[in-house]
Amino acid sequence: MDLDAITKHSALHAKPNGLILQYGTAGFRSKAEHLDHVMFRMGLLAVLRSKQTKSTIGVMVTASHNPEEDNGVKLVDPLGEMLAPSWEEHATCLVNAEEQDMQRVLIDISEKEAVNLQQDAFIVIGRDTRPSSEKLAQSVVDGVTALGGQFNDYGLLTTPQLHYMVYCRNTSGQYGKATIEGYYQKLSKAFVELSKQASGNGNEYRSLKVDCANGIGALKLREMEHYFSQGLSVQLFNDGTEGKLNHLCGADFVKSHQTPPQGMEMKSNERCCSFDGDADRIVYYYLDDADGHFHLIDGDKIATLISSFLKELLLEIGESLNVGVVQTAYANGSSTRYLEEIMKVPVYCAKTGVKHLHHKAQVFDIGVYFEANGHGTVLFSKAAEMKIKQLANDLEDKKMKAAKLLENIIDLFNQAVGDAISNMLVIEAILTLKGWTVQQWDALYTDLPNRQLKVKVSDRQVISTTDAERQAVTPPGLQEAINDLVKKYRLSRAFVRPSGTEDVVRVYAEADSQENADNLAHEVSLAVYRLAGGIGERP
Ligand code: 16G
Ligand code: MG
């Protein structure tokens with residue numbers, strides 16, 4: 001390690017005095033002007049991680065659904081997964097080290113993790129469309145080169161595309177070609193193959209309106225469109241030519257406000273969907289002509305559609321591969337009940353954040369994981385994949401057909417991470433194959449009315465939770481208070497947790513009516529305010 005060179009370069013990306021940031025659920029996020037040193041240092045850390053794992057590591061510059069002025073960065077581990085927890089801690093230490101301590105921290109990390117500094121390092125970099133992203137990505141490059149790493153800067157990419165590149169490179173191209181062209185071809189081929197299997201012509205189902213949150217999803221979908229146009233025509237809104245990133249649009253806005261995005265022309269019964277700012281989340285929705293209401297189809301219903309379709313195919317091929325669904329505490333109670341009682345699939349609850357769900361989903365032959373907010377994918381174990389590929393070749397007709405469908409579905413899912421584009425194509429293919437309208441999909445079950453609120457407290461870490469965030473352990477008395485409030489309502493449930501991305505406590509409640517869900521959420525907020533050190537105005 002040429003420590004002098006690093007110190008010299010680091011001075012060009014100096015850390016503002018006293019600024020403390022934490023590698024959170026989705027990496028570092030902050031106002032873009034605070035992030036130059038973070039980017040440089042994440043470039044350094046990526047090189048160490050690459051040397052240690054002897055693999056390509058990814059660095060993505062994005063702040064997803066945050067406002068345009070924010071930015072962020074996260075590292076992608078060798079198989080496209082989120083960074084290992086011990087390295088999250090290293091990231092936090094490195095980023096918060098004052099200039100004069102940086103060298104020591106770098107050496108500490110290398111020693112603790114037994115990094116062979118002679119090993120080559122290779123880093124791939126991607127960024128979203130924020131005005132600040134280009135310069136910040138350049139700071140990552142500076143960090144990588146200061147430590148002697150090689151890199152490929154892919155420029156503008158969706159977050160899932162960057163994960164895909166990392167996965168491809170570390171599996172010697174077996175997963176796919178590590179180019180944007182390779183990504184388009186792999187997904188589109190699987191999608192077109194799947195759509196061909198639909199019996200009717202299904203034309204009336206094959207056009208979709210997509211709200212791209214004025215982000216990277218628009219650019220990439222436009223590039224990709226002609227690869228899959230045989231199977232689907234997409235009409236893009238909020239494509240970034242006019243509006244501001246994530247402003248009054250995008251998956252996060254639509255899910256949390258339960259209203260259509262601005263800038264989208266919706267006619268009744270048309271299938272519409274929204275991506276978030278880096279295109280790793282997707283939600284669907286439509287206006288119902290019968291009641292004129294807006295209907296949201298969130299990650300829970302996406303998981304239900306996908307897992308029920310997979311179960312049908314598995315039944316046809318007569319294989320007892322186990323399918324499991326992983327959700328978080330935010331999953332609507334109706335979805336959990338439907339999955340467990342009607343579909344008879346095992347459902348697990350994981351802590352919020354993709355890495356927790358991903359990890360849990362890996363224990364199944366086929367693990368379907370989705371957060372209610374639209375993050376998710378399906379993981380197929382190697383054994384399941386091999387079995388399916390075998391069956392696709394040597395079985396009787398009906399079974400072979402189902403196995404072939406499954407084979408294409410495996411290719412169509414981005415198995416590195418949840419991917420709005422890939423999930424959109426999976427959903428469209430399934431609806432076409434089933435001959436279903438968006439209403440038929442929505443009618444699988446009815447969501448329980450629910451409400452989410454935020455409470456400001458002086459230190460949100462006073463709240464600790466257990467049972468996948470469904471029970472509060474501290475402060476004393478809080479869980480008892482929640483239990484008493486929940487008892488007042490029918491079909492009710494509530495929980496609180498400290499946010500991993502904002503300085504607030506989040507409150508979730510559901511009940512038999514919207515009014516009751518609202519009341520319960522409000523009462524729980526008051527309990528949090530009272531027992532967990534609320535600040536500012538009472539909720
Ligand atoms: C991050 C997570 C997302 C989670 C959200 C919760 C990833 C890639 N993203 O955006 O999965 O739903 O945080 O935010 O893991 P909160 O802790 O503020 O509620
Ligand atoms: Mg995102």
Side-chain angles (χ1 to χ4, degrees), residues 22-30 58 60-68 70-77 80-85 88 126-130 133 157-163 212-217 220 245-246 249-256 274-283 298-300 303 326-331 349-361 369-377 414 416-423 452-456 460-461 463 465 468-469 495-508:
Q22 189 160 13
Y23 197 100
T25 336
F28 291 105
R29 280 197 201 164
S30 179
M60 183 71 199
V61 176
T62 181
S64 183
H65 59 273
N66 283 38
E68 188 166 278
D70 291 5
N71 218 321
V73 59
K74 62 181 164 191
L75 299 197
V76 179
D77 253 2
E81 332 90 292
M82 303 294 162
L83 186 63
E88 291 188 356
R127 63 175 150 89
D128 71 11
T129 54
R130 284 162 208 271
S133 290
L157 283 185
T158 69
T159 296
Q161 286 173 338
L162 196 260
H163 285 254
C212 299
N214 290 314
I216 181 71
K220 297 300 161 183
L245 179 69
N246 296 327
C249 62
D252 191 64
F253 173 84
V254 172
K255 166 76 181 157
S256 47
S274 284
F275 293 180
D276 72 337
D278 62 341
D280 62 355
R281 275 167 66 170
I282 185 169
V283 294
D298 64 5
D300 302 334
V326 185
Q327 307 184 311
T328 70
Y330 290 106
C349 187
K351 287 203 279 185
T352 302
V354 168
K355 64 179 175 202
H356 300 295
L357 290 104
H358 193 95
H359 187 72
K360 188 73 207 173
Y369 75 83
F370 269 89
E371 289 188 304
N373 64 21
H375 266 295
T377 189
N414 186 338
V417 78
D419 181 336
I421 294 180
S422 140
N423 287 337
Q452 283 197 52
L453 295 175
K454 306 179 193 183
V455 184
K456 282 206 153 71
R460 70 191 196 277
Q461 302 311 335
I463 295 194
T465 63
E469 301 174 325
F495 66 92
V496 302
R497 55 176 280 278
S499 158
T501 65
E502 260 184 88
D503 192 10
V504 296
V505 174
R506 295 200 195 284
V507 172
Y508 177 90

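Predicted model only: the values in this text are computed from it and were never measured. One-based numbering, in listed order, for ligands and for the atoms of each.
Any protein N/O/S atom under 2.8 Å from the Mg ion (ligand 2) was counted, giving 4 altogether.
Checked against side-chain contact (heavy atoms from CB on, under 4.5 Å), Ala251 has the following partners two or more places apart in sequence or in another chain: Ser274, Asp276, Arg281, Val283. Phe253 meets the ring-ring contact (aromatic ring centres under 6.0 Å, His included) test with His257; sequence neighbours excluded.
Within the 3.5 Å criterion, the main-chain N or O of Asp128 finds no donor-acceptor partner in the side chain of Asp278. Checking side-chain atoms of Arg130 against main-chain N and O of Ser64 turns up a donor-acceptor pair under 3.5 Å. A distance-only check finds no donor-acceptor pair linking the side chain of Arg29 to the backbone of Asp70 [under 3.5 Å].
In plain terms, the two heavy atoms of Pro160 and Asn414 that are nearest each other are O-ND2, 3.2 Å.
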(message) For Val417 and Thr159: C-alpha separation, side-chain torsions, deciding distance, then whether side-chain contact (heavy atoms from CB on, under 4.5 Å) applies.
(response) CA-CA 9 Å; Val417 78; Thr159 296; 5.6 Å; no

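Salt-bridge annotation for Glu469 and Arg506: absent, with no side-chain N of the basic residue lying under 4.0 Å from a carboxylate O of the acidic one.
The contact shell of ligand 1, taken as protein residues with any non-hydrogen atom closer than 4.0 angstrom, comprises Thr25, Ala26, Lys74, Met82, Thr352, Gly353, Val354, Glu371, Asn373, His375, Arg497, Ser499, Gly500, Thr501, Arg506.
A 6.0 Å sphere centred on NZ of Lys355 holds more than 12 heavy atoms belonging to other residues, nucleotides or ligands.
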